[in-house]
There are 2 protein chains.
Amino acid sequence: MLSNSGKYALKAVLYLADKTDSSNKLMVKDLYQPTQVPKAYLAKLLQNLSKHNIISSTKGPKGGYYLTKENKENSVYRVIEVIDGNQRMEACVLGIEECNAQHPCPLHEYVGPSRAVLLGTLKKMTIGELSLDLKKGASFISS
Amino acid sequence: MLSNSGKYALKAVLYLADKTDSSNKLMVKDLYQPTQVPKAYLAKLLQNLSKHNIISSTKGPKGGYYLTKENKENSVYRVIEVIDGNQRMEACVLGIEECNAQHPCPLHEYVGPSRAVLLGTLKKMTIGELSLDLKKGASFISS
DNA sequence: TCCGAAATATGATTTTTATCATATTATTTT
DNA sequence: AAAATAATATGATAAAAATCATATTTCGGA
Ligand code: FES
Ligand code: FES
């Protein structure tokens, strides 16, 4: 459904949302084990997320990655969009160019509605909100 | 959402469902243009689908690919399963090992239900049923 | 001001997916 | 039986995704 990069990015962002803020940062070496993401690959992903203002960072000693209040207000979908692009989840299921009621593929009317609900959820829910369950211990990001 | 292979396979199978039966077959060269799939790649996909009894075939002159009544009773999901495997759509959205209510990732309870509806639809609907809209001209498989 | 810590930029390698090409086998027609 | 046709098997190449590695920049502390 999501690419590995997408899954990794979401896990990392949610973990950061749970554990960090402007005065509590985490470094790559603190993140790759709990999120189960290859260290060097995670580093690259975090750089990309940082560049797109999904997460925040400061260099040097006492530096690291963290999520500001504003970062936590990004939608879950925004993370996916930055990493996987918007076509992966939103384009026609069968890959035809025009995806609309006037020119539907055979699946359009059947998968369209439930997919819209799914995407609607991801677009409405913020990273901050979603991380609350994690804090409560009601959900997990590793096996 | 689906791999290119998955999209290609579904388009080809639906096209065959619309146009063929035991006495009306189509060859690769008749299929690659309407489905918009690279010819040699389509050939390989059809072989794979044939091996998995998703489609039927006969060699030699007057041969080609076609769908029997039984073939048309396969679910849409079955095609996806054969090509993309079942993990792509069914595994945990974040990729954690156990995906269940006892060990949920943060997204489990939010995307689970709508995803289940989506997959349920794909599993219930047969290729034959879905191809009817195509025959009516109510849906399309190419731009 | 200098040293070390950490992100950043960049690029190389590996693996997977997608694509292309060809030789072989089976079947129909002549 | 031979010839032509179409799927099948197999493998080669190309492109994309995932992974690994390293040099550079920025910042805090001694
Ligand atoms: S046309 Fe295929 S999903 Fe909309
Ligand atoms: S645990 Fe992630 S979707 Fe079920």
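For the numbers below, each heavy atom of this structure counts, side chains included, while hydrogens, waters and symmetry mates do not. The sequence lines fix the lettering, A, B, ..., with proteins before strands; numbering per chain opens at 1.
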Separation of [N] [atom2] from [X] [atom1] (nearest whole Å):
X: A/Asn48; N: D/dT19; atom1: CG; atom2: C1'; answer: 15 Å
X: A/Met1; N: D/dA17; atom1: CE; atom2: C1'; answer: 20 Å
X: B/Met27; N: D/dT8; atom1: CE; atom2: C1'; answer: 16 Å
X: A/Leu45; N: D/dA17; atom1: CG; atom2: C1'; answer: 11 Å
X: B/Leu2; N: C/dT17; atom1: CG; atom2: P; answer: 14 Å
X: A/Ile55; N: C/dA7; atom1: CD1; atom2: P; answer: 9 Å
X: B/Tyr66; N: D/dA6; atom1: OH; atom2: C1'; answer: 13 Å
X: A/Leu46; N: C/dA9; atom1: CG; atom2: C1'; answer: 15 Å

Heavy atoms under 4.0 Å, any strand shown: does A/Lys29 hit a base, just sugar-phosphate, or nothing?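 Sugar-phosphate contact only - A/Lys29 comes under 4.0 Å of backbone atoms but never of a base.
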Counting just side-chain N and O atoms, does B/Lys51 come under 4.0 Å of either OP1 or OP2 of D/dT8?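 For D/dT8, neither OP1 nor OP2 has a side-chain N or O of B/Lys51 closer than 4.0 Å.
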Please determine if a side-chain N or O atom of A/Tyr65 lies less than 4.0 Å away from the OP1 or OP2 oxygen of C/dT8.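 Yes, A/Tyr65 has a side-chain N/O under 4.0 Å of OP1/OP2 on C/dT8.
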Side chain of [X], heavy atoms from C-beta onward: which of [options] has the nearest atom to it?
X: A/Ser5; options: C/dG11, D/dA18, D/dA6; value: D/dA18
X: A/Lys44; options: C/dC20, D/dA7, D/dT19; value: D/dT19
X: A/Ser57; options: C/dA9, C/dA6, C/dT8; value: C/dT8
X: A/Lys59; options: C/dT28, D/dT10, C/dT8; value: C/dT8
X: A/Lys62; options: D/dG28, D/dT19, C/dA18; value: D/dG28
X: A/Ala40; options: D/dA21, D/dT5, C/dT29; value: D/dA21
X: A/Ser50; options: C/dT8, C/dC20, C/dA7; value: C/dT8
X: A/Tyr41; options: D/dG28, D/dT19, D/dT8; value: D/dT19
X: B/Gln47; options: D/dA18, D/dC20, D/dT8; value: D/dT8

Side-chain touch B/Leu31/B/Leu46, heavy atoms, less than 4.5 angstrom: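 Sidechains of B/Leu46 and B/Leu31: in contact.
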I want to confirm an ordering. Mapping A/Pro61 and A/Pro38 to their closest nucleotides on DNA chain D, which one lands closer to the 5' end?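 It is A/Pro38, whose closest nucleotide lies nearer the 5' terminus.
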Under 3.5 Å, is there a donor-acceptor pair between the side chain of B/Asp18 and the main chain of B/Tyr15? no
Spacing of A/Ser56 atom OG and A/Tyr66 atom OH [to the nearest 0.5 Å]: 4.5 Å
Rounded distance [0.5 Å steps], NZ in A/Lys7 versus CG in A/Leu2: 7.0 Å
A/Phe140 vs B/His103 aromatic rings, parallel, tilted or perpendicular, using cut-offs 30° and 60°?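 Plane angle under 30°, so parallel.
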How about B/Tyr77 and B/Glu90: does a side-chain donor come under 3.5 Å of a side-chain acceptor?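 Yes.
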